[in-house]
Novice: 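Okay, handing you the structure first.
Because the structure is predicted, anything quoted here is derived from the model rather than measured.
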Amino acid sequence: MPYDARVRAADHGRVVALAGGVGAARFLRGLVEVVDPANLVVVGNTGDDLTRHGLRVCPDLDTVCYTLGGGVHREQGWGREGERFTVADELADRYGEDRWFTLGDRDLATHLVRTRMLAEGATLSQATATIARAWKLGFRLLPMSDDEVTTRIVTTDGRDLHFQEWWVRERAVPDVAEVRFAGVERARAAPGVLEAVGGADRVLLCPSNPVVSLGPILAVPGLREALADAHVVGVSPIVGGAVVRGMADRLLPAWGVETSAVGVASLYADLLDGWVVDEVDRGRAGEVAALGVDVAVTHTIMRDVEVAGALARTALELG
């Protein structure tokens, strides 16, 4: 359902959302129902990005485009609806290519456009803007940085893996000793990111993996400083001590953080003005409040767009 100003509860002004992949994209489906997309900037995680078969792949940015553009595989929450794998099958069966990270035929078009533009001298921001326009998003989608930042997982058996190797190829089985963001100390925020945060009336931390989705964004130099003067509200990705989806429970212990709505709030406590938790965690709302953060309790499992919209409205009106 497209944005309709007649059903907007209030003018929430300029909104910035920091976003990872599937959870963030589902939240954004609701956010664009209660905020004018023209007043929305989404800053996407690029720490998961990788080069596959010579093509530059940006999983989180693409998931936002496919979901908000109406082309995502609805059951998976990522990839393309009606996808085929003719090229992947040919690469594996004829050329013996390892298919641990498979790209579908429709998905390939996005990576081909991005890789061509980068090879011709465009920035990741410029390539992302072209792709976002093709998906008619209506809001501005920015990568966190045009510089390469790579999430690395150091396992307890001593291996240093790209996040996708650990998550997809290894199925998140190896225990994690350390999570680091290679290259982030040299990275600069993408053009428009710090300006959007500085001019925002609300900054929302989407219900994304706190370590590998929001962690890389917040690690970009200047981001936390920009957020210090912003009105920041987050939505917990943890419900009842369990992840809604993904592998945050395998990663938070490496940062010494409890897998709970309270534990994740503590990661952002220096930034947060408000934190939204699920009804299941109502009994722990006082612990969040003790961090000096306003708390709202509501339904956070986004089974449909209506729930996502109500959740977004709760976050926007908190604090």
Novice: Please collect all salt bridge (charged side-chain N to carboxylate O under 4.0 Å, His left out) contacts where either partner lies in residues 291-301, sequence neighbours excluded, each pair once.
Specialist: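 Sorted result for residues 291-301: empty, none.
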Novice: What distance do Tyr66 atom OH and His73 atom NE2 have between them, rounded to the nearest 0.5 Å?
Specialist: 13.5 Å
Novice: Just by distance, do the side chain of Arg29 and the backbone of Ala308 share a donor-acceptor pair under 3.5 Å?
Specialist: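 The answer is no, because no donor-acceptor pair under 3.5 Å joins these two groups.
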Novice: Which distance, rounded to the nearest 0.5 Å, do you find between the CZ of Arg133 and the OG1 of Thr128?
Specialist: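 The CZ atom of Arg133 sits 10.5 Å away from the OG1 atom of Thr128.
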Novice: Measuring from atom CG of Leu227 to atom CG of Leu194, what distance do you get when rounded to the nearest 0.5 angstrom?
Specialist: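 Leu227 CG to Leu194 CG: 9.0 Å, rounded to 0.5 Å.
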Novice: Step by step, would you call Ser236 with Thr300 a side chain to side chain contact (heavy atoms under 4.5 Å, CB included)?
Specialist: CA-CA 8 Å; Ser236 176; Thr300 66; over 6 Å; no
Novice: I'd like to know whether Leu31 forms a side chain to side chain contact (heavy atoms under 4.5 Å, CB included) with Phe139, so could you lay out the CA-CA distance, the side-chain angles of the two residues, the decisive distance to 0.1 Å, and finally the verdict.
Specialist: CA-CA 11 Å; Leu31 185 60; Phe139 55 83; over 6 Å; no
Novice: Are Phe27 and Leu40 linked, directly or through other ILVMFWY residues, by side chains that come within less than 4.5 angstrom of each other?
Specialist: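 They do share one cluster, since a chain of ILVMFWY contacts under 4.5 Å joins Phe27 to Leu40.
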Novice: Arg202 side chain to His231 main-chain N or O, any donor-acceptor pair under 3.5 Å?
Specialist: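 Judged by distance alone, no pair lies under 3.5 Å.
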Novice: Indicate the atoms forming the closest heavy-atom contact of Ala132 with Leu141, along with that distance.
Specialist: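 Taking every non-hydrogen atom into account, CB-CB, 4.4 Å.
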Novice: Begin from the C-alpha positions of Ile153 and Val179 and carry the test side chain to side chain contact (heavy atoms under 4.5 Å, CB included) through to its verdict.
Specialist: CA-CA 5 Å; Ile153 305 295; Val179 181; 3.9 Å; yes
Novice: For residues Val232 and Tyr268, determine if any side-chain heavy atom of one lies less than 4.5 Å from a side-chain heavy atom of the other.
Specialist: no
Novice: In Å, rounded to the nearest 0.5 Å, how long is the span from CG of Asn209 to CG of Asn45?
Specialist: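 Answer for the CG-CG pair, Asn209 versus Asn45, is 9.0 Å.
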Novice: Can you check whether Arg188's main-chain N or O pairs, donor with acceptor, with Asp147's side chain at less than 3.5 Å?
Specialist: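 Yes, Asp147 side chain to Arg188 backbone: donor-acceptor pair under 3.5 Å.
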Novice: Taking Asp249 for its side chain and Thr259 for its backbone only, find out whether a donor-acceptor pair lies under 3.5 Å.
Specialist: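 A pair under 3.5 Å: no.
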Novice: Which of parallel (below 30°), tilted (30 to 60°) and perpendicular (above 60°) describes Trp166 and Phe163?
Specialist: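 The rings of Trp166 and Phe163 sit tilted, inter-plane angle from 30° to 60°.
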Novice: Checking side chain to side chain contact (heavy atoms under 4.5 Å, CB included) for the pair Leu267/Trp255: CA distance, chi angles, key distance, verdict?
Specialist: CA-CA 9 Å; Leu267 282 175; Trp255 279 11; 3.9 Å; yes
Novice: Between Glu195 (side chain) and Gly192 (backbone), is there a donor-acceptor pair under 3.5 Å?
Specialist: yes
Novice: Do Asp62 and His111 come within less than 4.5 Å of each other through their side chains, counting heavy atoms only?
Specialist: yes
Novice: Using modelled atom types and a 3.5 Å cut-off, is there a donor and acceptor pairing between side-chain atoms of Glu148 and backbone atoms of Gly183?
Specialist: no
Novice: With distance as the sole test, does Asp49 use its side chain to make a donor-acceptor pair with the main-chain N or O of Arg56 at under 3.5 Å?
Specialist: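 Checked: no pair found.
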Novice: With a 4.0 Å cut-off, would you call Arg52 and Glu97 a salt bridge?
Specialist: no
Novice: Would Val42 end up clustered with Val22 when hydrophobic side chains under 4.5 Å apart are linked, directly or stepwise?
Specialist: no
Novice: Residues in ring pair (Phe, Tyr, Trp, His ring centres under 6.0 Å) with Phe181, at least two apart?
Specialist: none
Novice: Kindly indicate whether the side chain of Asp281, heavy atoms from C-beta on, has any atom under 4.5 Å from the side chain of Ile238.
Specialist: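 Of all side-chain heavy-atom pairs linking Ile238 with Asp281, none is under 4.5 Å.
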Novice: Charged N to carboxylate O below 4.0 Å: is that the case for Asp89 and Arg99?
Specialist: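 Result for this pair is yes, salt bridge flagged.
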Novice: Using the side-chain contact (heavy atoms from CB on, under 4.5 Å) criterion, which residues pair with Thr123? Sequence neighbours excluded.
Specialist: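 Thr123: side-chain contact (heavy atoms from CB on, under 4.5 Å) contacts with Ser125, Gln126, Asp146.
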Novice: Measure the CZ-OG1 distance between Arg180 and Thr151 for me, rounded to the nearest 0.5 Å.
Specialist: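 Arg180 CZ to Thr151 OG1: 10.0 Å, rounded to 0.5 Å.
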Novice: Can you find a pair of side-chain heavy atoms, one from Asp105 and one from Glu83, that are under 4.5 Å apart?
Specialist: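 Counting from C-beta outward, Asp105 and Glu83 do come under 4.5 Å.
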Novice: Taking Glu170 first and then Arg159, would you say they form a salt bridge - that is, a charged N and a carboxylate O separated by under 4.0 Å?
Specialist: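 A salt bridge is present here (some side-chain N lies under 4.0 Å from a carboxylate O).
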Novice: More than 12 non-hydrogen atoms from neighbouring residues, nucleotides or ligands closer than 6.0 Å to CH2 on Trp78, yes or no?
Specialist: no
Novice: Which atoms form the tightest heavy-atom contact between Trp275 and Val233, and what is the distance?
Specialist: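 Closest approach of Trp275 to Val233: N-CG1, 4.5 Å.
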Novice: Does Arg106 reach the main-chain N or O of Gly82 with its side chain, forming a donor-acceptor pair under 3.5 Å?
Specialist: yes
Novice: Do you know which two heavy atoms are closest between Val262 and Arg284, and how far apart they sit?
Specialist: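 Minimum heavy-atom contact is CG2-NE, 3.6 Å.
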Novice: How close do Gln164 and Asp48 get, heavy atom to heavy atom, and via which atoms?
Specialist: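 Heavy atoms only, the tightest pair is NE2-O, 3.2 Å.
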Novice: Determine whether a donor-acceptor pair (N or O, by modelled atom type, separation under 3.5 Å) exists between the side chain of Asp278 and the backbone of His299.
Specialist: no
Novice: So, the side chain of Asp60 versus the backbone of Thr46: is there a donor-acceptor pair under 3.5 Å, distance only?
Specialist: no
Novice: Please round to the nearest 0.5 Å and tell me the distance separating atom CD of Gln76 and atom CZ of Arg245.
Specialist: 9.0 Å
Novice: What heavy-atom pair brings Gly20 and Ser208 nearest, and what distance separates the two atoms?
Specialist: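 So the minimum-distance heavy-atom pair works out to N-OG, 3.1 Å.
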Novice: Are any non-hydrogen side-chain atoms of Leu205 and Leu214 less than 4.5 angstrom apart?
Specialist: yes
Novice: Kindly check if the number of other-residue, nucleotide or ligand heavy atoms within 6.0 Å of CZ (Arg224) is above 12?
Specialist: yes
Novice: Below 4.0 angstrom, N of the basic side chain to O of the carboxylate: do Asp98 and Arg169 qualify?
Specialist: no
Novice: Assess whether a salt bridge exists between Asp160 and Arg152, defined as any Lys/Arg side-chain N lying under 4.0 Å from an Asp/Glu carboxylate O.
Specialist: yes
Novice: List the atom of Val264, the atom of Pro210, and the distance in Å for their closest heavy-atom pair.
Specialist: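 Reported closest heavy-atom pair: CG1-CB, 3.8 Å.
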Novice: State plainly whether one hydrophobic cluster holds both Leu112 and Leu91, where clusters connect Ile, Leu, Val, Met, Phe, Trp and Tyr through side-chain heavy atoms under 4.5 angstrom apart.
Specialist: yes
